[in-house]
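Worksheet: one structure, shown below.
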Amino acid sequence: METLPPDPKGWSVKEVKQWAIEVVGIKGEHADKLVQQEIDGRALHTLTEAKLERCGIPIGPAGLLMEAMEGLGGGGSSAAVAGTGGVSESDIVKELRLLRVEQREEQQRQWEEQQKQRTQVKVPWRFWVHRRGDPG
């Protein structure tokens with residue numbers, strides 16, 4: 001095992017692959033996908049879990065890479081999205097999905113309320129007076 005340079009941002013593509021296999025512990029086939037995408041030390045810090053998955057790296061190894069990148073200092077962009085106080089990208093996505101479901105439920109409730117109001121026929125007072133035979 002070659003010693004990696006101390007500054008991860010200065011790593012070459014080859015050194016990123018070495019780190020991924022030897023330190024993170026992902027399979028060589030997944031590390032090769034980092035090489036195919038020309039991920040060096042600078043590019044490594046811009047990765048998100050979604051980007052790793054788009055490269056063909058399964059969720060498990062992608063998660064391990066993200067966790068390991070946090071330990072490098074600077075981490076991946078999904079590890080600490082700017083301005084979110086360290087909330088992960090996956091937590092934000094989950095929260096947005098939950099909000100979307102809540103919005104749909106509220107829209108459905110409003111629609112049902114509107115339908116209920118439309119089915120309640122409101123007949124003018126004059127109609128009832130006239131129908132009873134009262135002079136109008």
message: Quick check for you: to the nearest 0.5 Å, what is the distance between Gln18 atom CD and Ser12 atom OG?
response: 8.5 Å
Reported CH2-to-CG distance for the pair Trp11 and Leu44, which is rounded to 0.5 angstrom: 7.0 Å
- line: Residues Ala62 and Ile57: closest non-hydrogen pair is N-CG2, 3.8 Å
message: I need the minimum non-hydrogen distance between Gln37 and Cys55, along with the two atoms involved.
response: CG-SG, 3.4 Å
- request: Kindly say whether Gly56 contributes a backbone atom to a donor-acceptor pair with the side chain of Lys33 at under 3.5 angstrom?
  value: yes
- prompt: How about Glu53: does its CD atom have over 12 heavy atoms from other parts shown lying under 6.0 Å from it?
  reply: yes
message: Walk me through whether Gln103 and Gln107 qualify under side-chain hydrogen bond (donor to acceptor under 3.5 Å, both in side chains).
response: CA-CA 6 Å; Gln103 287 175 340; Gln107 288 173 344; over 6 Å; no
task: Check the pair Leu47, Leu65 against side-chain contact (heavy atoms from CB on, under 4.5 Å), reporting the backbone distance first and the verdict last.
output: CA-CA 10 Å; Leu47 292 177; Leu65 284 165; over 6 Å; no
query: How close do Ala31 and Ile21 get, heavy atom to heavy atom, and via which atoms?
result: CB-CG1, 3.6 Å
- prompt: Do we see a donor-acceptor contact under 3.5 Å between the side chains of Gln114 and Gln110?
  reply: no
message: Who clusters with Val101? Use side-chain heavy atoms, under 4.5 angstrom, across I, L, V, M, F, W and Y, and order the result by chain and number.
response: none
- prompt: Does Arg109 come within less than 4.0 Å of Glu112, counting only side-chain N to carboxylate O?
  reply: no
query: With Glu29, which residues qualify under side-chain contact (heavy atoms from CB on, under 4.5 Å), at least two apart?
result: Lys27
Side-chain touch His45/Lys9, heavy atoms, less than 4.5 angstrom: yes
Within 6.0 angstrom of Glu38 CD, more than 12 heavy atoms from elsewhere: no
- prompt: Is Trp19 reaching over with its side chain to a backbone N or O of Leu4, donor-acceptor style, under 3.5 angstrom?
  reply: no
query: Nearest 0.5 Å, what's the CG-CD distance between Leu34 and Gln36?
result: 9.0 Å
query: Hey, what do you get for NZ (Lys51) to CD1 (Ile39), rounding to the nearest 0.5 Å?
result: 8.5 Å
- request: Please report the shortest heavy-atom distance between Gly10 and Glu15, naming the atom on each side.
  value: O-OE1, 4.0 Å
- prompt: How many angstroms lie between atom CG of Leu64 and atom CD of Glu49, to the nearest 0.5 angstrom?
  reply: 9.5 Å
task: Of all the heavy-atom pairs spanning Ala43 and Thr46, show the shortest one and how long it is.
output: O-OG1, 2.7 Å
- request: State, to 0.1 Å, how close Val35 and Val13 come at their nearest heavy-atom pair, and which atoms those are.
  value: CA-CG1, 3.7 Å
query: Is Ile59 atom CD1 crowded by more than 12 heavy atoms from other residues, nucleotides or ligands, each under 6.0 Å away?
result: no
